Amino acid sequence: MEPLRAVKGMNDLLPTEARAFARIEAAARRVFERHGYGEVRTPLVEEAALFSRSIGEETDVVGKEMYVFPDRHGVPLALRPEGTAGAVRAFIEHGAAAAPIVRWFYAGPMFRHERPQKGRYRQFHQIGVELLGAAAPEADAELIGAAAAFLAEIGISGTRLLVNSIGDDACRPAYVDKLRDFLHARAAELCPDCRRRAGTNPLRALDCKVAQDRVILGEAPVPGDSLCEPCRAHFATLLGHLRALGLSPIHEPHLVRGLDYYTRTTFEILAGGDLGSQNTVAAGGRYDKLVERLGGPAVPAVGFAAGIERLVLALGGAPAPAPGPDLFIAALGDAARRRALVLAQAARAASLRVEIDPRSGSLKSQMRWADRTSAAFVLVLGEDELAAGRAPLKQMGSRGGGAPGAQEDVALDAVAGEVRRRLAPGSDDRGQPGLS
RNA sequence: GUGGCUGUAGCUCAAUGGUAGAGCACCGGACUGUGGCUCCGGGUGCUGUGGGUUCGAGUCCCAUCAGCCACCCCA
């Protein structure tokens, strides 16, 4: 019979990789809580209408990538393709919109039915941050600063911050008309994708990757030239704030967003290295009309999301596995094996990481396993040791005070203390920052 | 959705159309109860699947599935 396989584009995270994810999420908690953001956990499943109303019916995310299925009453439900829509729904539903300012972050799986490729899967994981209730550029600056601090915290350096403004309801429609006219006028010279975009999503044409198109689009009108005065002032102030924060913003006039709900500020943070087209590690922008659009009050907001898979890629190299046990108990004979269980339980109660080999193997095979797991110390327990109440404690590697291979008899009822004492001064390698 | 590449042991990969192999890993022994280093022994396989060509297919052809990479889109 064919063995069952994971669904295409949905991956298992085995312990080492899961640990890398967990450390990134832990860093996110530290940094965002430091900025005053609280974690929210919203459902993975929402009514499909939530996403078509917020992200936009015509976007690829809603139009062809969303997992949609009817529930038992025929109501179309969807696996969430991104986090902002659900967060805003929760914000409205729980009356949080009554508070002047709400700072939320979230981390979890998102789903898009796309063709998988490097760093991009059908179930992927995002960390997102939303600051609701503030229209001023200080909010944009704080949020972008939080994003930069988060990337620095997990060890991604050499990033570039690209920012742009795509205007608001007052100035963007007229700009989009101008751009569409330009694209139609030059349609014959553009790639098929851009000819299509002229009708569906003109802004997306601006960051087309085809070389010839880039030349032509260099002559296209950019949003920055058509901003109304309030948008222009907002953007100018934001640039000043970002410079004051030392974030070296690069104004990228062609930077746009694919989702309909963005207004004014858009930004991306790019990682260095050769991640190719996957080098955007965080991206976001302002969405002043979304809350209203979803039935809430007129609350301006700004947010961003980062893809954890891409962060792991950007960090490069193999993630560090978990550290080995502090103590490994090798036991020979039934009585010793039972005593090993009891000793292990006691040592764990004293907060040590303790393992035994639950197979009944030779001492050699148990020692080999202890070595494999990178145990710091091994206690060798046999009939004689049980009788004497003392057993040899052997140091395996460099963790611990003595030389590798050194061993010394210790009292069985003092094992945990002996191990702890030897590991105590600065030799504990757990909790190191960094991932690789 | 479009295009390209690749499918052989747990992993990385060999094998001119002629008996499926190596390294690593794993298990055992040398060393009755002490890991790593060394040596000796052990192959753990529906060659992705289904057809076809052939005396004979891992190898050639077709189809299919899967994985990877890129495009579209996006974090």
Side-chain angles (χ1 to χ4, degrees), chain A residues 1-3 5-9 11 55-56 58-66 81-84 107 109-122 124-129 147 151 191-194 196-197 200-201 203-205 207-210 256-259 267-271 275-285 303-314 324 328 330-333 336 357 359 361-385 391-398 404-407:
Chain A
M1 182 186 284
E2 278 287 298
R5 306 174 51 95
V7 173
K8 184 189 196 70
N11 301 123
I55 300 169
E58 301 305 317
T59 60
D60 277 13
V61 170
V62 169
K64 50 185 238 197
E65 295 173 356
M66 206 155 66
E82 58 100 46
T84 298
M110 309 291 165
F111 303 85
R112 290 184 198 172
H113 193 107
E114 320 176 81
R115 196 78 163 259
Q117 59 178 286
K118 190 178 183 64
R120 211 199 17 209
Y121 307 100
R122 290 185 174 178
F124 60 106
H125 298 79
Q126 280 189 335
I127 294 172
V129 179
L151 294 174
C191 72
D193 283 326
C194 282
R196 177 177 53 76
R197 288 171 180 134
T200 59
N201 197 348
L203 286 179
R204 297 290 329 163
D207 67 351
C208 179
K209 293 173 189 70
V210 178
V256 296
R257 307 270 76 210
L259 311 184
F267 73 95
E268 291 189 3
I269 301 180
L270 273 46
L275 295 177
S277 60
Q278 314 277 323
N279 65 346
T280 301
V281 290
F304 80 90
I308 300 182
E309 284 82 358
R310 280 193 193 176
L311 294 175
V312 171
L313 266 186
F328 184 96
L332 292 163
D357 184 344
R359 303 170 296 179
S362 64
L363 179 60
K364 184 184 193 66
S365 68
Q366 293 185 54
M367 290 300 291
R368 197 159 22 218
W369 186 249
D371 185 54
R372 255 292 283 289
T373 59
S374 302
F377 289 93
V378 176
L379 186 76
V380 180
L381 204 58
E383 301 296 336
D384 296 347
E385 287 78 10
L393 181 66
K394 179 172 185 174
Q395 178 174 335
M396 298 297 280
S398 55
Q407 65 180 51

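The figures here come from the full heavy-atom set of this structure, side chains too, leaving out hydrogens, waters and symmetry mates. Naming convention: chains lettered A, B, ... in sequence-line order (proteins, then strands); numbering from 1 in each chain. Keep in mind it's a predicted model, so treat the numbers as computed, not measured.
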Residue mapping more 5' on RNA chain B - nearest nucleotide basis, A/Ala375 or A/Ile308
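Comparing both residues, the 5'-ward one is A/Ala375.
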Comparing A/Leu332 and A/Gly284 on RNA chain B - which has the more 5′ nearest nucleotide:
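Nearer the 5' end of the strand: A/Leu332.
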Would you check, one step at a time, whether the test side-chain contact (heavy atoms from CB on, under 4.5 Å) holds for A/Glu383 with A/Leu332?
CA-CA 7 Å; A/Glu383 301 296 336; A/Leu332 292 163; over 6 Å; no
Check the geometry between A/Phe124 and B/A75 and answer yes if their rings are stacked (centres below 5.5 Å, planes below 30°), otherwise no.
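So yes, this residue stacks on that base, both cut-offs being met.
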Side-chain donor-acceptor contacts of residues 369-380 of chain A below 3.5 Å, not counting sequence neighbours, with atom names and distances?
from, atom 1, to, atom 2, distance (Å)
A/Thr373, OG1, A/Trp369, O, 3.2
A/Thr373, OG1, A/Ala370, O, 3.0

Please report the shortest heavy-atom distance between [X] and [Y], naming the atom on each side.
X	Y	answer
A/Pro392	A/Gln407	CB-NE2, 3.6 Å
A/Phe267	A/Gly303	CE2-O, 4.0 Å
A/Pro81	A/Met66	CG-SD, 3.8 Å

Taking only residues two or more places apart in sequence, or in another chain, which ones meet [X] in a side chain to side chain contact (heavy atoms under 4.5 Å, CB included)?
X	answer
A/Pro109	A/Leu44, A/Arg80, A/Phe111, A/Gln123, A/His125
A/Ser362	A/Lys364, A/Ser365
A/Arg120	A/Glu114, A/Gln117, A/Gln278

Contact class for [X] (heavy atom, under 4.0 Å): base, sugar-phosphate, or nothing?
X	answer
A/Gly119	base
A/Pro392	base
A/Gln407	base

Among the nucleotides [options], which one has an atom lying closest to any side-chain atom of [X]?
X	options	value
A/Gln117	B/U34, B/C68, B/C72	B/C72
A/Thr280	B/A75, B/A70, B/U34	B/A75
A/Arg204	B/C73, B/A75, B/C69	B/C73
A/Ala283	B/A75, B/C68, B/U34	B/A75
A/Asp384	B/G33, B/C68, B/U34	B/G33
A/Arg120	B/A75, B/U34, B/C68	B/A75

Which residues pass the salt bridge (charged side-chain N to carboxylate O under 4.0 Å, His left out) test with [X], sequence neighbours left out?
X	result
A/Lys64	A/Asp60
A/Glu385	none
A/Arg257	A/Glu268
A/Arg112	none

When the [atom1] atoms of [N] and [M] are considered, how many whole Å apart are they?
N	M	atom1	result
B/G45	B/U38	C1'	30 Å
B/U47	B/G42	C1'	22 Å
B/A14	B/A20	C1'	10 Å
B/A66	B/C55	P	35 Å

Figure out the [atom1]/[atom2] separation between [X] and [N], and round it to whole Å.
X	N	atom1	atom2	result
A/Gln366	B/G28	CD	C1'	15 Å
A/Asn11	B/C68	CG	P	7 Å
A/Glu114	B/C74	CD	P	9 Å

Map every base of RNA chain B to its dot-bracket character, where paired means a Watson-Crick or G-U wobble contact with both distances under 3.5 Å and | marks a partner outside the strand.
(((((((..((((....[..)))).(((((.......))))).....(((((..]....))))))))))))....
Pairs: protein N or O with nucleotides 2-7 of chain B N or O, under 3.5 Å:
from, atom 1, to, atom 2, distance (Å)
B/U2, O4, A/Arg115, NH1, 2.7

Could you list all N or O pairs between the protein and nucleotides 36-40 of chain B that sit under 3.5 Å apart?
from, atom 1, to, atom 2, distance (Å)
B/G36, O4', A/Asp371, OD2, 3.3

